[in-house]
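Below you'll find the structure, written out as structure tokens, and then a few comments.
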Amino acid sequence: MMVGRRIDNMFPKTEAPIGEPVLETRDLVRRPLTKSISVTVRAGEIVGLAGLVGSGRSELAQTLFGVWPAESGEIRLMGEAVTIRSPADARARGIAYVPEDRGSQGLVRPMSVLHNLSLAALTSLSHSGFIDRGAELRLAEQAVGRFGVKTRSLDELAGRLSGGNQQKIVLGKWLANQPKLLILDEPTRGIDVGAKAEIHRFMGELARAGVAILMISSELPEVLGMSDRVLVMREGRVVAEFDRAAATSQAVGAAMMGDLGATEQAA
Amino acid sequence: MTAVASSNRASRARIFLRHETILAAMLVVALFGLGLFNDRFLTIDNLLNQGRLMTEIGLIALPMTFVIVTGGIDVSVGAIVGLCAIVLGYSWKNLGFPLPLAIVFTLVVGAAAGLANGLVITRIKVPPIITTIATLTLFRGLAEGISQAHSVRGYPDWFYFLGQGDVFGVPTQLLVLFLAIIVFGVALDRTTFGRTLYAIGSNETAARFSALPVERVKLAAYTLSGLMASLSALVLVSRVTTTRSDMGMGYELDAIAAVVLGGTSIFGGSGTIWGTVIGAVMIQLLKNGLALTGVKGDATIMVIGVVLIASVLIASSLQRRRV
Amino acid sequence: MSTIALSGASSARAPFWRRLSSQEMLLAVAIVGLALVVGLVNPRFLSANNLADILLGNAYIAVAAIGMSMVIITGNIDISVGALIGVLATVSGSLAVAGAPIAVTWLAPLVFGMLVMGLQGAIVAYVGIPAIVVTLGMLSILRGGLISVTGGKWITDLPDAFHLADIEIFGFIPMPVAIMVVATILAAVWMRWWPLGRAIYATGGNPEAARLSGVSPRRTLVLVFVLHGFFAGVAALLFATQLRVIQSTTPSGLEFTIITASVVGGVSILGGVGTVVGSTLAAILIAEITSALVFINISPFWTHALQGALILATVIADIERRRRRLAGAIR
């Protein structure tokens with residue numbers, strides 16, 4: 001398909017060796033929007049999570065991250081059964097979550113770039129509660145360098161930066177913890193093309209470094225272009241799974257629409 | 001990278017120039033102004049005595065800064081002072097506790113009162129304003145109910161060391177306040193706890209999504225508020241040698257005014273302990289200055305009310321201009 | 001957020017009797033039940049004199065609670081009203097002693113009350129400063145100002161005609177009770193059927209939705225504070241004219257008693273829900289409880305503790321109820 005070829009050009013997907021499962025869930029339930037979810041994400045693998053708004057993708061991500069702890073079911077990380085009751089639990093287990101809403105969930109806009117970058121890593125940056133300010137500064141400088149955040153100074157308020165730079169900060173703040181599982185919720189929504197390409201490049205780098213990535217996106221080309229595997233959610237369940245080769249926009253789109261799509265096709 | 005670091009320092013200095021320096025300059029002007037008007041004012045004796053009087057509010061204003069930085073408020077502190085004063089007197093005189101035990105018990109009750117506020121706020125999610133208005137009534141009511149309008153006097157002499165004694169000429173409670181200022185100042189500025197307070201006040205959701213222990217930190221802030229109110233009660237009882245159930249009435253006003261005057265945003269997310277200290281000093285100077293010019297205590301309350309509203313109005317108009 | 005607004009709107013659309021059936025019915029049952037229980041312990045509690053005292057002495061609290069309820073429904077709070085009632089009573093009494101026409105002495109507290117509250121409402125609505133801070137400041141301005149002006153002296157030698165509370169309509173309905181009942185009914189009807197009255201709920205339940213539907217939340221808020229000032233003025237008048245003297249202080253914690261009446265009456269502190277019928281019934285219940293304490297030999301010094309516990313319990317129940325309703329709505 002022509003569409004497929006264009007996507008390949010826009011999304012320079014790099015091949016990464018796929019390893020052992022990092023995340024496995026079995027019959028994960030958190031009402032009202034997470035109903036018996038079983039998924040697996042392996043080291044080095046990018047799994048795309050497609051679905052309509054309200055299909056329960058973000059809710060699944062936030063259940064994995066401990067914002068809405070699971071009511072029943074099993075979560076295994078690196079083969080070990082774990083309970084995740086809070087974001088702090090999730091972080092301690094090596095899970096990072098870049099939330100959907102940058103302004104209200106990802107970033108503390110009235111705080112400086114420096115303080116935002118260290119926010120999720122404070123425990124490892126402090127000795128018996130006291131923040132090591134030298135280490136904090138080093139961490140922030142590294143992150144700014146690595147992700148090419150454009151800011152006048154580390155003391156600039158994070159809310160003043162462009163959308164793309166804000167997203168790089170959210171990403172940077174989580175990568176400081178060297179996560180094993182990175183959950184990205186609409187990672188490139190509302191940012192410019194250049195920053196978007198950079199973020200896709202980072203995703204590739206991370207995958208090659210062995211990080212398991214679960215990416216939620218409402219942009220079908222992004223899902224198809226970046227993912228090794230595509231899962232489709234509808235009404236709180238995973239209803240379809242496609243390998244990279246089988247994941248065409250028509251097939252994934254039809255799975256997203258479900259019965260609705262079927263009736264339209266029938267008519 | 002060194003360029004980044006030095007520009008950090010420069011902009012940090014500019015922020016410093018904005019709030020605390022302006023306040024401090026106002027403070028110096030006020031000091032000399034009052035000194036010119038009244039030659040009794042600028043004496044070591046008077047200033048030390050003012051420090052003594054300032055301590056009770058100061059001890060409450062420190063944790064109040066934490067609470068307001070998180071975007072909350074605690075109007076029950078004055079009532080906790082009253083309750084703790086009564087608990088001290090009652091447990092010593094009526095329950096027959098030895099005074100040291102009664103003191104510890106009082107501190108525990110104060111912390112428990114603050115913890116109760118914190119639990120209702122974090123677990124049941126009742127807004128802080130409503131929670132502390134309700135507990136204000138409850139704690140003051142408990143003080144009235146337990147005391148039955150009886151006051152307790154006649155504490156042993158050693159107890160008065162806290163409120164009336166001095167160490168090398170410095171009032172004892174002022175040293176306690178100094179110590180508390182340093183502890184609270186360092187906690188807010190240098191620890192993960194302090195950083196979490198700011199993050200909660202700036203964006204509670206993002207703080208939670210950053211895996212910060214939001215609930216625990218809020219709980220700690222309100223508990224500290226109760227604990228410091230009980231310490232303030234001990235200082236107060238020791239200074240005035242008696243306990244009554246109406247003690248600490250209106251302290252919440254002075255403490256909140258000190259915090260807001262000190263540059264802490266009433267909406268949370270910003271503020272410093274040093275600002276609060278200057279705010280508390282200014283309010284004490286205001287009271288002293290008014291008293292020296294013959295203004296009665298009740299008119300002073302009125303002036304502090306004006307100061308509170310005016311400083312919030314000015315702060316919010318400045319903020320608007322900056323954005 | 002939208003669910004909360006919806007529940008407020010749908011309860012406003014339900015038939016009047018069904019709206020009355022929940023909190024108001026519970027309060028009415030509590031009022032009667034408590035009277036019977038205390039009456040069994042001590043029959044003197046049920047004497048006509050005592051029951052009349054309860055109503056007459058506390059009608060002004062119920063009247064003030066009407067305005068407070070409106071303020072709380074918009075999601076705000078006012079802790080200056082107790083001090084304001086004291087100031088307004090003194091203003092009215094001073095005018096009366098100075099020989100002002102009776103009509104002026106009765107109108108002055110209303111006008112002055114509307115001005116003070118309107119100012120506070122404007123600061124809250126247009127500058128965006130939390131009501132707790134504005135009213136805390138105003139509380140100390142009013143209280144400090146009152147005592148330093150009067151020096152704590154009581155006002156005596158009030159002219160007979162001044163005593164509004166002494167008037168009995170048709171020779172048997174005491175004025176305070178009449179005002180309490182009429183004010184409650186008028187306010188309840190206004191808030192239920194007038195668009196402007198309904199706007200109060202919209203402002204509290206979902207300011208953004210209110211704005212989109214053409215209601216200005218800011219102007220509504222100022223209006224609510226002005227009305228609150230009006231009711232505070234009426235309350236001050238009843239307070240000032242019920243005794244032969246006017247004290248320069250109001251009962252301690254008066255503002256909290258008024259807030260308790262509103263909250264216990266079913267006004268939700270999260271804004272958007274509640275009725276003034278409930279707050280009036282709650283004011284009566286609180287007065288009854290306070291009086292009952294004396295009759296069953298419990299020290300009146302426990303009154304405030306009981307009030308505090310009552311308000312805390314009601315607020316917690318309100319939040320829990322909303323949470324359950326919200327969870328139910330999602331499922």
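Throughout, protein chains are lettered first and strands after them, A, B, ... in sequence-line order, and every chain is numbered starting at 1.
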A/F130 and B/V186: CA distance, side-chain angles, deciding distance, side chain to side chain contact (heavy atoms under 4.5 Å, CB included) verdict: CA-CA 9 Å; A/F130 289 87; B/V186 169; 3.5 Å; yes
B/R195 versus A/E136, closest heavy-atom pair with distance: NH1-OE2, 2.6 Å
Rounded distance (nearest 0.5 Å) linking atom [atom1] of [X] with atom [atom2] of [Y]:
{"X": "A/Q62", "Y": "B/R208", "atom1": "CD", "atom2": "CZ", "result": "11.5 Å"}
{"X": "A/D132", "Y": "B/R190", "atom1": "CG", "atom2": "CZ", "result": "11.0 Å"}
{"X": "B/T196", "Y": "A/L119", "atom1": "OG1", "atom2": "CG", "result": "7.0 Å"}
{"X": "A/D185", "Y": "B/F209", "atom1": "CG", "atom2": "CZ", "result": "9.0 Å"}
{"X": "B/D189", "Y": "A/R133", "atom1": "CG", "atom2": "CZ", "result": "5.5 Å"}
{"X": "A/L122", "Y": "B/S210", "atom1": "CG", "atom2": "OG", "result": "9.0 Å"}

Residues of residues 73-95 of chain A near chain B, each having a heavy atom less than 4.5 Å away: A/P87, A/A88, A/R91
Structural part of A/L107 lying under 4.5 Å from a heavy atom of chain B: backbone
Side chain / backbone / both / neither for A/S118 at chain B, heavy atoms under 4.5 Å: side chain
Side-chain donor or acceptor of B/N203 paired with backbone N/O of A/Q105 under 3.5 Å: no
Most contacts with chain B, counted as non-hydrogen pairs under 4.5 angstrom, among A/S104, A/S112, A/S128, A/G106: A/S104
B/T191 side chain reached by A/I131 side chain, heavy atoms, under 4.5 Å: no
Flag if over 12 foreign heavy atoms under 6.0 Å of CD, A/Q178: no
Among the listed options B/G269, B/P213, B/A199, the residue most often paired with chain A at heavy-atom distances under 4.5 Å: B/A199
